[in-house]
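Here is the structure we will look at.
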Amino acid sequence: MKLKTKINIWSTGMMLLILLVLMTIIYVSFSRLVYSTEVSQLQADVDALVSTFNTSDPADPSDVLRGYVPPNGLIQAKREGTDLIPSIQDPDIADDFPEELPEQSGTLKVEDDLFAYVTAPIIWTDGEIAELVVAQSLEEVVNNARTLGLVLVTVSLLAMIPIFVSSVVLGRVVTKPITDLTKTMTRIQKSGQFEKLPATDSSKDEVGQMGSTFNSMMELLEENYTKQEEFVSNASHELKTPLTVIGSYAKLLERQGMEDPKLAEEGLLAIRTETDRMKALIEQLLHIARRSETQLVWEPVDLIELARQTAAAMSTSYNRDFQLVSSATSVLVTTDLAKIKQIMYILLDNARKYSSDRIELIVKNGNIPMLQIRDYGIGIPKESIPYVFDRFYRVDKARSRETGGFGLGLSLAKQLADAMGVSLEIESEEDVGTTISIVFSADFNVQEVQSKQEGWS
Ligand code: ADP
């Protein structure tokens with residue numbers, strides 16, 4: 001069912017229901033008020049009749065009482081259920097007016113006719129007390145109430161016309177921007193472009209908000225799509241270079257290499273180097289691709305111990321000077337040991353590649369625990385610092401190729417750091433050196449990061 005139709009049905013239906021309830025309340029209250037007024041009026045008449053009757057001493061009580069019979073009513077005088085005189089009544093009134101009455105006064109239905117009745121004690125002509133019953137048909141009042149009911153129903157039904165018209169208008173007003181929005185979205189979907197919706201004046205209402213959310217979503221999608229495209233083209237470009245080298249040497253060897261041992265050796269070396277390079281690149285790409293699948297394993301880690309072990313391992317592997325610098329004996333954090341090591345190795349590898357002096361692993365305690373990797377190498381130009389975490393970004397492409405870099409290390413480190421809720425901060429000055437800090441949040445909440453990660457995967 002269309003939203004417009006739903007709005008029509010609901011608003012008209014609800015209004016009809018509200019009106020009917022209101023009208024019923026008015027009808028019932030009015031009828032009750034009128035009936036009780038009639039009973040009070042009759043009570044007053046009966047009081048007057050009793051006092052007149054009691055003060056006079058009529059020879060024939062029926063004569064006196066006849067003068068007080070209300071129009072369309074009756075008067076009866078009884079004692080212990082026996083009529084003292086025949087019922088004095090209008091000939092149109094039903095004969096079977098009940099002998100027993102439920103209350104002293106009130107209303108009563110006899111054969112579809114409503115009566116107001118009052119009973120009162122009276123001193124009969126024999127000096128004994130008798131019961132006087134005076135009843136009056138409420139036919140006229142009932143007819144008036146019915147007319148009122150009819151008027152109320154007619155008014156309610158007539159009121160439905162403007163209500164229906166306004167609900168149709170409301171439906172149109174509400175659904176028009178949504179219909180426009182859907183049309184634009186369908187057009188965008190068909191064109192396959194990251195088009196945005198035109199800005200509307202109603203940008204502050206819910207529909208406007210939906211439009212701006214759609215636009216932000218489009219922006220994000222476009223940005224991600226562009227990044228993916230860039231990533232794929234960079235990755236294929238990086239893979240093409242070693243493949244070209246391998247292909248050229250293979251062709252060369254095919255043509256003449258086998259006869260020339262020197263050329264064969266050179267070709268094989270180049271092929272092996274390029275294969276290693278390609279393997280390293282594919283491994284890094286796989287690391288990045290697998291990021292969303294990785295689960296974090298939280299455990300307490302002593303940063304001092306970790307830095308000491310890593311510095312020793314790096315010194316042995318690269319025969320370089322990696323030093324632990326810290327005044328603390330133990331700095332405990334809750335983190336994923338494997339991932340933090342992976343980040344450290346990326347940073348230490350860069351420090352090693354882009355410097356020749358000593359490399360420091362500085363562990364800082366205090367409010368915010370921190371592990372810094374500091375080198376005294378070539379540094380990063382100021383204008384390049386904001387981009388070093390981008391995939392495939394390299395400050396100096398030629399030199400990076402010499403060092404075997406693809407520009408993927410820091411972007412992978414950043415992804416890991418984000419997943420763990422730690423931040424990476426860079427300070428660098430050209431020809432002075434670079435310090436990259438792994439900053440552990442002070443009010444670090446493991447659960448928070450875990451739930452964040454569940455959201456990502
Ligand atoms: P790569 O594999 O090329 O090192 P990264 O993503 O790790 O890729 O680093 C991106 C670029 O940032 C590097 O190409 C390099 O130019 C620069 N860089 C990173 N770390 C350092 C550092 N410690 N000293 C100088 N330059 C660095």
Side-chain angles (χ1 to χ4, degrees), residues 227-228 230-242 273-291 307 310-311 314-315 317-318 320-325 339-362 370-420 422-439:
K227 271 189 192 166
Q228 292 280 356
E230 239 171 65
F231 179 72
V232 172
S233 85
N234 283 337
S236 35
H237 181 262
E238 289 299 333
L239 285 168
K240 221 167 86 188
T241 319
T273 316
E274 290 307 316
T275 316
D276 286 349
R277 207 174 128 71
M278 223 160 70
K279 209 173 123 201
L281 171 63
I282 289 168
E283 261 167 24
Q284 287 206 27
L285 289 175
L286 282 177
H287 267 302
I288 290 173
R290 271 196 223 115
R291 194 266 309 168
T310 316
M314 292 296 285
S315 302
S317 307
Y318 294 103
R320 290 269 307 262
D321 187 11
F322 289 85
Q323 294 177 0
L324 164 68
V325 180
K339 305 266 174 327
I340 216 76
K341 269 188 181 171
Q342 216 176 332
I343 297 177
M344 281 172 75
Y345 281 124
I346 292 171
L347 301 183
L348 287 167
D349 201 39
N350 279 349
R352 174 190 69 77
K353 285 190 295 191
Y354 304 113
S355 77
S356 49
D357 205 340
R358 71 180 189 284
I359 292 159
E360 291 170 352
L361 290 84
I362 306 159
M370 204 184 277
L371 174 60
Q372 297 177 315
I373 311 288
R374 175 172 297 162
D375 67 63
Y376 298 92
I378 57 171
I380 305 169
K382 211 168 164 203
E383 62 280 7
S384 297
I385 292 180
Y387 306 105
V388 289
F389 289 116
D390 291 353
R391 284 173 191 170
F392 292 108
Y393 182 83
R394 287 165 296 182
V395 174
D396 180 343
K397 294 200 164 113
R399 194 177 50 206
S400 283
R401 196 170 157 79
E402 272 166 37
T403 54
F406 298 101
L408 289 173
L410 283 182
S411 85
L412 179 59
K414 176 87 169 61
Q415 277 186 359
L416 292 165
D418 285 348
M420 286 193 297
V422 299
S423 56
L424 296 181
E425 288 170 9
I426 297 190
E427 284 166 66
S428 188
E429 204 179 317
E430 263 187 295
D431 298 326
V432 174
T434 305
T435 304
I436 303 192
S437 312
I438 307 171
V439 185

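Atoms within each ligand, like the ligands themselves, are counted from 1 in listed order.
- If you number the atoms of ligand 1 from 1 as listed, the ones under 4.0 Å from a heavy atom of L408 come out as 6 (O), 8 (O).
- Counting heavy atoms from C-beta on, the side chains of Q372 and V325 never come closer than 4.5 Å.
- Between F406 and ligand 1, an N or O atom pair is found at a separation short of 3.5 Å.
- Here the closest non-hydrogen pair linking F389 and S411 is O-CB, 3.0 Å.
- Looking at I426, T435, L410, I436, it is L410 that brings a heavy atom closest to atom 6 (O) of ligand 1.
- Ligand 1 lies within reach of K353, whose nearest heavy atom is under 4.0 Å from it.
- In T434, the part holding a heavy atom less than 4.0 Å from any atom of ligand 1 is the side chain.
- Here the straight-line distance linking atom CD1 of I378 with atom OG of S355 works out to 9.0 Å at 0.5 Å rounding.
- Inspection of the Y393 and S384 side chains reveals an N or O donor paired with an N or O acceptor under 3.5 Å.
- Residue-ligand proximity, R394 to ligand 1, at heavy-atom distances under 4.0 Å covers atoms 3 (O), 14 (O).
- Near Y393, the atoms of ligand 1 lying under 4.0 angstrom from a non-hydrogen atom of the residue are 10 (C), 11 (C).
- Residue contact annotation: G379 has a non-hydrogen atom under 4.0 Å from ligand 1.
- Heavy-atom proximity to atom 20 (N) of ligand 1, evaluated over L347, N350, I346, V388, is greatest for N350.
- Near V395, with a cut-off below 4.0 Å to any heavy atom, the atoms of ligand 1 are 14 (O), 16 (O), 17 (C).
- Of the charged side-chain nitrogens involved, none lies within less than 4.0 Å of a carboxylate oxygen, so that K279 and D276 do not count as a salt-bridged pair.
- When all heavy atoms are compared, the tightest approach of L412 to Q342 is CD2-NE2, 4.2 Å.
- Within ligand 1, counting atoms from 1 as listed, the ones closer than 4.0 Å to a heavy atom of G407 are 1 (P), 2 (O), 3 (O), 6 (O), 8 (O).
- Between I373 and L348 the shortest heavy-atom distance is CG2-CD2, 3.6 Å.
- Close approach of ligand 1 to G409 is summarised as follows: ligand atoms under 4.0 Å from at least one heavy atom of the residue are 5 (P), 6 (O), 7 (O), 8 (O).
- In this structure, the side chains of L424 and I438 come closer than 4.5 Å at one or more pairs of heavy atoms.
- Between Y354, F392, F389, it is Y354 that holds the heavy atom closest to atom 4 (O) of ligand 1.
- Side-chain atoms of M344 and M314, non-hydrogen and from C-beta on, never get closer than 4.5 Å to each other.
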